[in-house]
Protein chains: 2
Amino acid sequence: MPQRPARIGFLLAQLGAHAADIFAEQTRSLGITPSEAGVIRIVARNPGISQRALADRLGAVQSRVVTLVDRLESAGLVSRTRSESDRRMQLLALTNAGESMLGGLRQAAEEQEKQLTSGFTEEQKTALFELLSALGAARGLDAEVHPGYRS
Amino acid sequence: MPQRPARIGFLLAQLGAHAADIFAEQTRSLGITPSEAGVIRIVARNPGISQRALADRLGAVQSRVVTLVDRLESAGLVSRTRSESDRRMQLLALTNAGESMLGGLRQAAEEQEKQLTSGFTEEQKTALFELLSALGAARGLDAEVHPGYRS
DNA sequence: TATTGTTATACTCTATAACTATA
DNA sequence: TATAGTTATAGAGTATAACAATA
């Protein structure tokens, strides 16, 4: 039996949704959705990734990735290139505009962080960061993506 | 300029989605959705609440609440009663079955908490709980509900 | 005229299944 | 025959707008 009522799970879900909302507001002003931002982040760190591998990474189905990449390609942010060695594969990369967008996303993340932790001291921020990192590692979460890839 | 890259926001969104997923798995076995669980929790703590007030509390539109309450009423968990003093209002309350479901939800929350924090010491759990509570309070979040009312 | 609740409808997100091209 | 990607389609969740009853 726990010493206190279960609250960590609720607070995480609540604050997680709140953090995602703030980030969504930021990305909206950049003209993309949080899901698309998640794709940009993965492609940036894994240039030449196939749509198949991206789908596995996101925990999404292939058709979902097609839709997401379609939009990003139309927006000129991501390029598809047929692999020479295996012409079934589309290799993904950021365009120059995509790299600029990545910079915008980094700023959006900084802004989100600032809004979120504005009332906290540096000590509190450090303590919270370390506890959340430890929890993420303990739960086996991918440091580049999260279920729902909302931010 | 922050001393570290923005990560608290990402970790919160990631872990929040993860916590919500665990809770959703629990509620599924109870036959309800996380949104419905959110309604049950609010009605339990605010018996006789109107649909209008519930909508405001959830940050949802009235038609959304109609849909949610329709399902819960069909399932026999929530009752609607016309207010005597203002016959426009439907007053909501939990049925006996709704009270039982509330008990099940409490167990689900305990199970979520256990899964989530299994690798942590009591000291870590306490520290994390206090930091998250402080952050929730600083951000002005309602202790009974959260945006998206996912858990 | 304003408010509570309801219904009708549409839009977004996401998944499943069938299909094409390549291996 | 198996795999990467695509297209067609459908379902869930949620919102907007029009409407009914009551104040």
Side-chain angles (χ1 to χ4, degrees), chain A residues 17 20-21 23-24 27-28 31-39 42-43 46 48-75 78-93 145-151, chain B residues 17 20-21 23-25 27-28 31-39 43 46 48-75 78-93 145-151:
Chain A
D21 284 348
F23 188 73
T27 60
R28 186 147 18 93
I32 63 173
T33 67
S35 300
E36 291 161 0
V39 171
I42 305 284
V43 172
N46 304 273
I49 192 173
S50 70
Q51 293 186 188
R52 188 22 149 167
L54 178 59
D56 289 344
R57 199 69 188 275
L58 292 172
V61 295
Q62 285 175 303
S63 65
R64 170 73 179 133
V65 169
V66 171
T67 306
L68 285 168
V69 174
D70 278 352
R71 281 203 291 233
L72 291 168
E73 194 182 34
S74 310
V78 164
S79 65
R80 282 174 161 121
T81 312
R82 282 277 164 202
S83 165
E84 288 301 320
S85 58
D86 182 342
R87 299 193 52 74
R88 289 174 301 182
M89 287 199 281
Q90 296 272 35
L91 306 185
L92 305 177
V145 73
H146 64 76
Y149 32 91
R150 296 183 192 93
S151 86
Chain B
D21 285 347
F23 188 72
E25 208 176 296
T27 60
R28 187 147 18 91
I32 63 173
T33 67
S35 301
E36 292 161 358
V39 171
V43 172
N46 304 273
I49 192 173
S50 72
Q51 292 186 189
R52 189 16 149 171
L54 178 60
D56 289 343
R57 198 69 186 275
L58 293 171
V61 293
Q62 284 174 304
S63 64
R64 171 73 180 133
V65 169
V66 171
T67 305
L68 285 168
V69 174
D70 277 353
R71 281 202 292 231
L72 291 168
E73 194 183 33
S74 309
V78 165
S79 64
R80 282 173 160 123
T81 311
R82 282 278 164 201
S83 165
E84 288 300 320
S85 59
D86 183 342
R87 299 195 49 76
R88 289 174 303 183
M89 289 198 281
Q90 295 274 34
L91 307 185
L92 305 177
V145 74
H146 64 77
Y149 32 88
R150 295 184 193 91
S151 87

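Chain letters run A, B, ... following the sequence lines, proteins first and then strands; every chain starts at 1. Worth saying up front: this structure is predicted, and the values here are computed from it rather than measured.
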Engineer: Quick one: does A:R88 reach the base of D:dT3 with a side-chain donor-acceptor pair under 3.5 Å?
Structural biologist: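 Indeed, a donor on one side and an acceptor on the other fall under 3.5 Å apart.
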Engineer: Is there a donor-acceptor contact under 3.5 Å linking the side chains of A:T33 and A:S35?
Structural biologist: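 Side chains of A:T33 and A:S35: no pair found under 3.5 Å.
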Engineer: Taking atom P of D:dT6 as reference, at what distance in whole Å does atom CG of A:L92 sit?
Structural biologist: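 These atoms are roughly 9 Å apart.
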Engineer: Can you tell me if B:R80 touches the phosphate of C:dT4, counting only side-chain N or O atoms and a distance under 4.0 Å to OP1 or OP2?
Structural biologist: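 B:R80 to C:dT4 OP1/OP2: no side-chain N or O under 4.0 Å.
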Engineer: Kindly check if the number of other-residue, nucleotide or ligand heavy atoms within 6.0 Å of CZ (B:R28) is above 12?
Structural biologist: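 Check fails, neighbour count at 12 or below.
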Engineer: Rounding to an integer number of Å, can you tell me how far B:D70 CG sits from C:dA8 P?
Structural biologist: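 Rounding to the nearest Å, CG of B:D70 and P of C:dA8 are 12 Å apart.
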Engineer: Specify the separation, in whole Å, of atom CD1 of B:I32 and atom C1' of D:dG13.
Structural biologist: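 Spelled out: CD1 on B:I32 to C1' on D:dG13 is 16 Å.
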Engineer: Looking for any heavy atom pair under 4.0 Å, which part of the strands does A:S63 touch: base, sugar-phosphate only, or nothing?
Structural biologist: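 Since a base atom lies under 4.0 Å of A:S63, the category is base.
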Engineer: Using whole Å, report how far CG of A:L72 lies from P of D:dG5.
Structural biologist: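 In whole Å, D:dG5 P and A:L72 CG are 15 Å from each other.
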Engineer: Which listed nucleotide (D:dT22, C:dA23, C:dT16) is nearest to the side chain of A:D86?
Structural biologist: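 Among the listed nucleotides, the one closest to the side chain of A:D86 is C:dA23.
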Engineer: Over how many whole Å does the gap from B:M89 atom CE to D:dA23 atom P extend?
Structural biologist: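 To the nearest whole Å, that distance equals 9 Å.
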Engineer: Write down the distance between CD (A:E36) and P (C:dT12), rounded to a whole number of angstrom.
Structural biologist: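 Checked: the CD to P distance equals 13 Å.
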Engineer: Test side-chain hydrogen bond (donor to acceptor under 3.5 Å, both in side chains) on A:R80 and A:Q51; report intermediate values, then the result.
Structural biologist: CA-CA 9 Å; A:R80 282 174 161 121; A:Q51 293 186 188; 2.8 Å; yes
Engineer: Heavy atoms only, 4.0 Å cut-off, all strands: where does A:Q62 land among base, sugar-phosphate and nothing?
Structural biologist: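 Base, at least one base atom sits under 4.0 Å.
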Engineer: How many whole angstroms separate atom CD of A:E84 from atom P of C:dA23?
Structural biologist: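 A:E84 atom CD is separated from C:dA23 atom P by 10 Å.
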Engineer: Between C:dG5, D:dT22, C:dA15, which one does the side chain of A:A60 approach most closely?
Structural biologist: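 Given the options C:dG5, D:dT22, C:dA15, the side chain of A:A60 is closest to C:dA15.
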Engineer: Rounded to the nearest Å, what distance is computed from the CD atom of residue B:Q51 to the P atom of nucleotide C:dT3?
Structural biologist: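 About 18 Å, once rounded to whole Å.
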Engineer: What nucleotide, of C:dT22, C:dT6, D:dG5, holds the atom closest to the side chain of A:R87?
Structural biologist: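 So the side chain of A:R87 is nearest to C:dT22.
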Engineer: Using the closest heavy atom to pick a nucleotide of DNA chain C for each, name whichever of B:T67 or A:R71 lands nearer the 5' end.
Structural biologist: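 Its nucleotide being nearer the 5' end, the pick is B:T67.
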Engineer: Nearest to the side chain of A:R52, heavy atoms from C-beta on, is which of D:dT6, D:dA4, C:dG5?
Structural biologist: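 In terms of side-chain proximity for A:R52, the closest of D:dT6, D:dA4, C:dG5 is D:dA4.
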Engineer: With side-chain contact (heavy atoms from CB on, under 4.5 Å) as the criterion, how do A:I49 and A:L91 come out once you've worked through the C-alpha distance, each side chain's angles and the decisive distance to 0.1 Å?
Structural biologist: CA-CA 5 Å; A:I49 192 173; A:L91 306 185; over 6 Å; no
Engineer: Assess the residue pair B:E36 and B:R71 against the criterion (side-chain contact (heavy atoms from CB on, under 4.5 Å)); give the C-alpha distance rounded to whole Å, side-chain angles, the decisive distance to 0.1 Å, and a yes or no.
Structural biologist: CA-CA 8 Å; B:E36 292 161 358; B:R71 281 202 292 231; 2.6 Å; yes
